[in-house]
Amino acid sequence: MYISNATGCSSIWGGPAATSPYTTNEKGQGPAWANSLFEDNAEHGLGMYLGQEAIRNSLAAQAKELIAVEYTDADLKAAAQEWLDTMANGEANKAATEKFVAELEASVIEGCPCEACTLGAAILAKKEYLSKKSVWIFGGDGWAYDIGFGGVDHVLASGQDVNIFVFDTEVYSNTGGQASKASNIGQVAQFAAAGKDIKKKSLAEIAMSYGYIYVAQVAMGANPAQTIKAIAEAEAYPGPSLIIGYAPCEMHSIKGGMVNCQVEMKKAVECGYWNLFRFNPEADKKFVLDSKKPAGGYQEFLMNEARYSRLTREFPDRATELFARNEAEAMARYEHLEKLVALYSAE
C-alpha cells in the first residue's frame with residue numbers, strides 16, 4: 001500500500017515519530033507512507049501511482065518477452081502468464097506474484113547469459129514492484145474541499161486507479177479552526193464568527209457527476225460494517241475512488257469530550273445531519289443509500305456541540321434562523337438522495 005498524506009491532522013496521527021497507526025503483516029509487508037504539501041497532495045499521490053505503474057508496465061513487457069523465449073521453463077511461462085492476467089486485480093495478483101517470484105527464483109541461474117535467465121534476473125531485481133499496489137491519498141476537508149480541490153478534481157477525473165479518503169471535520173482543524181467549504185450553515189469558526197450562512201459544498205456529488213468514479217460517504221461510529229464495505233469496494237473498483245468520512249474533531253467541542261466521538265457520529269447519521277451512501281458505477285445497483293430516514297433530534301444534535309451552541313449565546317436570533325435552515329437543508333438533502341436511488345434504479 002502506498003499512502004500520500006496531505007499536511008494536516010491526518011499527517012500528525014499518520015506519521016508521528018514515536019508511534020504509528022500502520023503495521024506490517026507476517027511477511028513484513030506494509031504501507032509506504034509519505035507526507036506532501038497541503039496544496040498538491042492529490043498530484044503527489046497520482047505521481048506515486050504513475051511511477052510504480054510505469055515500472056510494472058516495463059516488467060509486463062519483460063514477462064511477455066520471457067514467455068516468448070522458446071526454451072523458458074513451462075511452469076515459469078504459466079506463472080508469468082497468470083501474473084499478467086491478474087495485473088489489475090489487487091487480490092488475485094497477490095498469489096500470482098508469489099508464484100511468479102518463486103518460479104523465477106527456481107529457474108534463474110545466476111550468471112547464465114541465456115535470454116531467459118537474463119530476462120528473469122532483470123524481473124527479479126524489481127520484484128517488489130510486481131504486486132499491484134493499493135494507492136491511497138489521505139487528507140482533510142480543508143485540503144480536499146478548498147486549497148487542494150483543483151488537484152483532487154484533476155486526479156479523480158484522470159480515470160487512474162487511485163483512492164482518495166477525506167477526513168471531513170467541516171473546518172480547518174490543524175490551522176486554527178477556520179471555516180472551510182465543508183463547514184455547515186450556522187457553524188461558528190474563524191472567518192465565520194457569526195455562523196456560516198451558506199450551505200456545505202457537496203464534494204461527493206461533484207465526483208459522482210463524472211459517472212466513472214466510485215464515491216461513498218461513511219461514519220465509522222454510525223455503521224462500521226458500511227465503512228469497511230465502502231473501503232473494500234473502493235479498493236476493488238478499477239478506477240478512481242473517493243470516500244468521505246465524517247470526523248468529529250476537537251474543534252467541534254462535543255459535550256463530554258472526544259471520548260464520545262463515535263457516539264456523536266451515530267447521532268449525526270440518525271438525525272440526518274450526515275448521510276451514508278455508496279455510488280458504484282460498475283454495480284447493478286449503482287446508488288445505495290445506507291442511511292435510514294432521519295429519526296428526529298436534529299436541533300438537539302446541534303446543541304450538543306459548542307461550534308453551534310455558542311451562536312445561541314452570542315447571536316440568538318441569528319442562531320434560530322440559521323439552525324432552522326441547516327435542518328431544512330439536511331432534510332431536503334435526504335429527499336434528494338432518495339431520488340437518486342430511484343434515478344439510478346431506473347437506468
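Here the structure is a predicted model, which is why all the values come from computation and not from measurement. Positions are given from 1 along the sequence.
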Aromatic ring proximity Phe138/Phe167, centre distance under 6.0 Å: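 Centroid distance Phe138-Phe167: below 6.0 Å, so yes.
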Test applied, salt bridge (Lys or Arg N to Asp or Glu O under 4.0 Å); reference residue, Lys181; option that passes from Asp146, Asp168, Asp141: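 For Lys181, the salt bridge (Lys or Arg N to Asp or Glu O under 4.0 Å) check succeeds only for Asp146.
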Glu338 with Lys293: basic N within carboxylate O range, under 4.0 Å: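 Yes, Glu338 and Lys293 are salt-bridged.
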In plain terms, say whether Lys196 and Glu170 are close enough for a salt bridge, that is, a side-chain N and a carboxylate O under 4.0 Å apart. no
side-chain contact (heavy atoms from CB on, under 4.5 Å) for Leu46 and Gln160? Distances and angles first, verdict last. CA-CA 8 Å; Leu46 179 62; Gln160 300 291 349; 3.8 Å; yes
Please give me the minimum heavy-atom distance between [X] and [Y], naming the atom from each residue.
{"X": "Ala92", "Y": "Thr86", "value": "CB-CG2, 3.9 Å"}
{"X": "Asp161", "Y": "Tyr237", "value": "OD1-O, 3.2 Å"}
{"X": "Cys117", "Y": "Ile109", "value": "SG-N, 3.4 Å"}
{"X": "Ala207", "Y": "Leu156", "value": "CB-CD1, 4.2 Å"}
{"X": "Val155", "Y": "Ala42", "value": "CG2-O, 3.3 Å"}
{"X": "Val269", "Y": "Ser291", "value": "CG1-OG, 3.9 Å"}

By the definition ring-ring contact (aromatic ring centres under 6.0 Å, His included), identify the one residue from Tyr273, Tyr308, Trp274 that meets it with Phe301.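 Filter result, single survivor: Tyr273.
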Roughly how far apart are [X] [atom1] and [Y] [atom2], rounded to 0.5 Å?
{"X": "Leu119", "Y": "Leu66", "atom1": "CG", "atom2": "CG", "value": "5.5 Å"}
{"X": "Lys285", "Y": "Phe279", "atom1": "NZ", "atom2": "CZ", "value": "14.5 Å"}
{"X": "Lys64", "Y": "Gln62", "atom1": "NZ", "atom2": "CD", "value": "12.0 Å"}

Go through the steps to decide whether Glu305 and Ile254 satisfy the test side-chain contact (heavy atoms from CB on, under 4.5 Å), and finish with yes or no. CA-CA 4 Å; Glu305 300 183 2; Ile254 299 166; 4.1 Å; yes
Start with the C-alpha distance between Asn280 and Tyr344, add both sets of side-chain angles, then the distance that settles side-chain hydrogen bond (donor to acceptor under 3.5 Å, both in side chains), and finish with yes or no. CA-CA 11 Å; Asn280 188 342; Tyr344 285 110; over 6 Å; no
side-chain hydrogen bond (donor to acceptor under 3.5 Å, both in side chains) between Lys99 and Thr97, intermediate numbers included: CA-CA 5 Å; Lys99 189 186 296 184; Thr97 297; over 6 Å; no
Atom CE of Met220: over 12 foreign heavy atoms under 6.0 Å: no
For Gln262, does the CD atom sit with more than 12 other heavy atoms under 6.0 Å from it, leaving out its own atoms?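 Yes, enclosed.
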Walk me through whether Tyr334 and Leu289 qualify under side-chain contact (heavy atoms from CB on, under 4.5 Å). CA-CA 9 Å; Tyr334 189 86; Leu289 180 55; 3.7 Å; yes
Side chains of Asn260 and Glu264: do they bring a donor and an acceptor to under 3.5 Å?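 Short answer, no.
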Check the side chains of Ser4 and Asn41 for a donor-acceptor pair under 3.5 angstrom, ignoring hydrogens and angles.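 Yes - a donor-acceptor pair under 3.5 Å links their side chains.
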Parallel, tilted or perpendicular for Phe165 and Trp136, by the 30°/60° rule? tilted
Go through the steps to decide whether Trp83 and Leu59 satisfy the test side-chain contact (heavy atoms from CB on, under 4.5 Å), and finish with yes or no. CA-CA 11 Å; Trp83 178 77; Leu59 289 170; 4.1 Å; yes
